[in-house]
Visitor: 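Please find one structure pasted underneath; my questions will follow.
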Amino acid sequence: MSPAPTEPARSRIHYTLPSITEAEVALVTDAARHGWGPRCYDYIERFEREFAAWLGVRHAIATSSCTGALHLGLAALGVGPGDEVIVPDTSWIASAAPVRYLGATPVLVDVLAHSWCVDPQRVEEAITPRTRAVIAVHLYGNLCELDVLREITTRHGLALIEDAAEAIGSVWQGRRAGSVGDFGVFSFHGTKTLSTGEGGMWVSNNSALYEQVLTLSNHGRARGQTRQFWPDRLGYKYKMSNLQAALGCAQLARVEDLVARKRAIFAAYAEALAALPGVTLNPEPPGTVNGCWMPTVVFEPASGVTRERLLAALQAADIDGRVFFWPLSGLSMFEARTHNEVACRLPGQAINLPSYHDMSAADLRRVIDTVLEVHRLARTVDQTG
């Protein structure tokens, strides 16, 4: 008797992967073959120039990471021991760690329940004579309330910093995320919409600040210094490589398509899930565009859905699920802030859904069906008691 046919193995659905085409391979190959000696900065300078033009800012500096870009910008502002910088409690540690690198104190404040971004009222309440800056993190592509934050920081004489690591393609009232504050920073990690594997970008319209960051990013060597190997001040080594920048140039040429694909994936989730009772997804207020880096579902307690149930169901279906960011104030290296109620509540109610560019319609359907089934079972259990 012939053996019974078996179901074909399902491929794992990853939560995010970069989109790499022959265009990227060609530019990186050119950089590997020719990008040395007098051409060792060609792709770096091109990437900076083209990214600044796309974003609509005067200056851009390619860095080895977004964390490094934030560190450089804070250092150029003169942030140091005794200073405070206001940071949303909901974020990855990279938004707060550079503050500590410089000996300053990150003051962690609560976020808004509808956007998961920093609450302007809590920012105002946290300002003291030692406050130097506010870091606005555009979480998962969602946008902070930049007009309100700009008014607050201007009135108090503070710097407004945009952590746009996750916000490629997001737009606030006609201006791209990262271009509104005193400076902005971006991430090109392998998980991001636009990727160089590792890497980041510092951006600003402030020419004086740009010169400071440019010097700090290259071991403290000022651009006009004529003596070879002569640092003008103690700086850092946060430069991007020419190979990474070549990849970035190819990705940037496709950035509108990359963002459009992210938004299409989110739209599919929104159409299938947004009407479920007790479920919300990433917001897109009037006058804004959400770059939709990471589609996220938040389940209200009344829905009966929990993080653990959904993660278990996704894992059983061979699907990656990513937990929501834990509050930074829950980590041992920062001061506890249990009164940040929204930041403390969200991780138990939210999950990031897969959104890599090459997801097929069948992949999306599999994720959606899994979420719908978990929601259905939770409602059935709730109704039957």
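Counting from 1, the numbers follow the sequence of the chain as shown.
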Visitor: I want to check something: taking the side chain as every heavy atom from C-beta on, are S207 and H59 in contact at a cut-off of under 4.5 Å?
Guide: yes
Visitor: Please answer whether the main-chain N or O of P285 pairs with a side-chain N or O of T288 as donor and acceptor at a distance below 3.5 Å.
Guide: yes
Visitor: Considering all heavy atoms of both residues, which atom of L108 and which atom of S329 are nearest to each other, and what is their separation?
Guide: CD1-N, 3.6 Å
Visitor: Is any side-chain heavy atom of T306 less than 4.5 Å from a side-chain heavy atom of F299?
Guide: no
Visitor: Treating N218 as the side-chain partner and T215 as the backbone partner, does any N or O pair qualify as donor plus acceptor under 3.5 Å?
Guide: no
Visitor: Does the ring center of Y140 lie less than 6.0 Å from the ring center of F324?
Guide: yes
Visitor: Counting heavy atoms not belonging to E308, are there more than 12 under 6.0 Å from its CD?
Guide: yes
Visitor: Among Y238, F183, F51, find the residue that satisfies the ring-ring contact (aromatic ring centres under 6.0 Å, His included) test when tested with W202.
Guide: F183
Visitor: Are the side chains of L112 and E145 in contact, using a 4.5 Å heavy-atom criterion?
Guide: yes
Visitor: To the nearest 0.5 angstrom, please state how far the NZ atom of K237 sits from the CG atom of L216.
Guide: 13.5 Å
Visitor: Measure the spacing between CD1 of I168 and OG of S187 and express it to the nearest 0.5 Å.
Guide: 9.0 Å
Visitor: Looking at F334, I'd like to know if the NZ or CZ of R337 sits under 6.0 Å from its six-membered ring centre while staying within 45 degrees of the ring's axis.
Guide: no
Visitor: Please give me the minimum heavy-atom distance between P347 and F325, naming the atom from each residue.
Guide: CG-O, 3.4 Å
Visitor: Are V203 and L194 grouped together when hydrophobic residues (ILVMFWY) are joined by side-chain heavy atoms under 4.5 angstrom apart?
Guide: yes
Visitor: Working to the nearest 0.5 Å, report the span between CG of L328 and OG1 of T90.
Guide: 7.5 Å
Visitor: Is R12 salt-bridged to D318, cutoff N-O under 4.0 Å?
Guide: yes
Visitor: Quick one: does any side-chain atom of R309 pair with a main-chain N or O of G304 as donor and acceptor, under 3.5 Å?
Guide: yes
Visitor: Could you go through the side-chain contact (heavy atoms from CB on, under 4.5 Å) check for F188 and Q244 one step at a time?
Guide: CA-CA 10 Å; F188 306 130; Q244 290 172 302; over 6 Å; no
Visitor: Under the side-chain contact (heavy atoms from CB on, under 4.5 Å) rule, what do V259 and R263 come out as? Steps first, then yes or no, please.
Guide: CA-CA 6 Å; V259 173; R263 286 177 53 79; 4.0 Å; yes
Visitor: For L143 versus S115, what's the shortest heavy-atom pair and its separation?
Guide: O-CB, 4.5 Å
Visitor: Any chain of hydrophobic side-chain contacts (each under 4.5 Å) joining V323 to W116?
Guide: no
Visitor: Is the F47 to Y41 ring centre distance short of 6.0 Å?
Guide: no
Visitor: Would you indicate whether R155, at its atom CZ, is surrounded by more than 12 heavy atoms from other residues, nucleotides or ligands within a distance under 6.0 Å?
Guide: yes
Visitor: Once you round to the nearest 0.5 Å, how far does CG of N290 lie from CD of E284?
Guide: 6.0 Å
Visitor: Is it true that a side-chain atom of R130 and a backbone atom of E84 form a donor plus acceptor pair closer than 3.5 Å?
Guide: no
Visitor: Does NZ or CZ of R221 come closer than 6.0 Å to the centre of the six-membered ring of W230, within 45° of the ring's axis?
Guide: no
Visitor: With a 4.5 Å limit on heavy-atom distance, are the side chains of H189 and T196 in contact?
Guide: no
Visitor: Keeping the roles fixed (side chain from D110, backbone from E341), state whether a donor-acceptor pair exists under 3.5 Å.
Guide: yes
Visitor: Report yes if some heavy atom in the side chain of E166 is under 4.5 Å from a heavy atom in the side chain of H138; otherwise report no.
Guide: no
Visitor: Taking all atoms of both residues into account, what is the closest heavy-atom pair of S204 and L209, and its distance?
Guide: OG-CD2, 4.5 Å
Visitor: Has the side chain of E162 got a donor or acceptor atom that lies under 3.5 Å from a matching backbone atom of G181?
Guide: yes
Visitor: Return the CD to CG distance between E335 and D89, rounded to the nearest 0.5 Å.
Guide: 10.5 Å
Visitor: Is E300 salt-bridged to R345, going by a charged N under 4.0 Å from an acidic O?
Guide: no
Visitor: Any side-chain to backbone donor/acceptor pair from N282 onto T296? Under 3.5 Å, distance only.
Guide: yes
Visitor: Hydrophobic clusters here meaning ILVMFWY residues chained together by side-chain heavy-atom distances under 4.5 Å, can you tell me if V57 and V180 are in one?
Guide: no
Visitor: Please check if the side chain of K262 supplies one atom and the backbone of W293 the other of a donor-acceptor pair under 3.5 Å.
Guide: yes
Visitor: Carefully, step by step, assess V134 and V85 under the rule side-chain contact (heavy atoms from CB on, under 4.5 Å).
Guide: CA-CA 6 Å; V134 175; V85 176; over 6 Å; no
Visitor: Do any side-chain atoms of residues 92-105 form donor-acceptor pairs under 3.5 angstrom with protein atoms, and if so which ones, sequence neighbours left out?
Guide:
unit_1	atom_1	unit_2	atom_2	d
S95	OG	S91	OG	2.7
S95	OG	D163	OD2	2.6
R100	NH1	M333	O	2.5

Visitor: Is the backbone of G80 close enough, under 3.5 Å, to the side chain of R132 for a donor and an acceptor to pair up by distance?
Guide: no
Visitor: Please examine the side chains of V185 and C66, heavy atoms only from C-beta on, and report whether any two atoms are closer than 4.5 Å.
Guide: yes
Visitor: Could you tell me whether R39 and D30 have a side-chain N and a carboxylate O separated by less than 4.0 Å?
Guide: yes
Visitor: Please confirm whether the backbone N or O of S360 pairs with a side-chain atom of D363, one donor and one acceptor, at under 3.5 Å?
Guide: yes
Visitor: How close do D42 and N242 get, heavy atom to heavy atom, and via which atoms?
Guide: N-OD1, 3.6 Å
Visitor: Do E256 and R176 sit within salt-bridge range, that is, some charged N less than 4.0 Å from a carboxylate O?
Guide: yes
Visitor: Is there a side-chain contact between L258 and S19 in this structure, where contact means two heavy atoms from C-beta onward sitting under 4.5 Å apart?
Guide: yes
Visitor: Closest heavy-atom contact between D320 and H14?
Guide: OD2-CA, 3.2 Å
Visitor: Is V137 close to V118 at the side-chain level, that is, under 4.5 Å between some pair of heavy atoms?
Guide: no
Visitor: For Y356 and T191: C-alpha separation, side-chain torsions, deciding distance, then whether side-chain contact (heavy atoms from CB on, under 4.5 Å) applies.
Guide: CA-CA 9 Å; Y356 62 94; T191 59; over 6 Å; no
Visitor: Please say yes or no: joined through hydrophobic side-chain contacts below 4.5 Å, possibly via intermediate residues, are W326 and V87 part of one cluster?
Guide: no
Visitor: Take R150 and D182, measure what salt bridge (Lys or Arg N to Asp or Glu O under 4.0 Å) needs, and give me the verdict at the end.
Guide: CA-CA 10 Å; R150 179 81 279 180; D182 292 280; 3.0 Å; yes
Visitor: Please say yes or no: joined through hydrophobic side-chain contacts below 4.5 Å, possibly via intermediate residues, are L377 and L310 part of one cluster?
Guide: no
Visitor: With ring centroids as reference points, do H219 and Y236 lie under 6.0 angstrom apart?
Guide: no
Visitor: Would you please say whether a donor-acceptor pair under 3.5 Å links the side chains of Q251 and E24?
Guide: yes
Visitor: If I take atom CG from residue L139 and atom CG from residue L346, how far apart are they, to the nearest 0.5 angstrom?
Guide: 9.0 Å
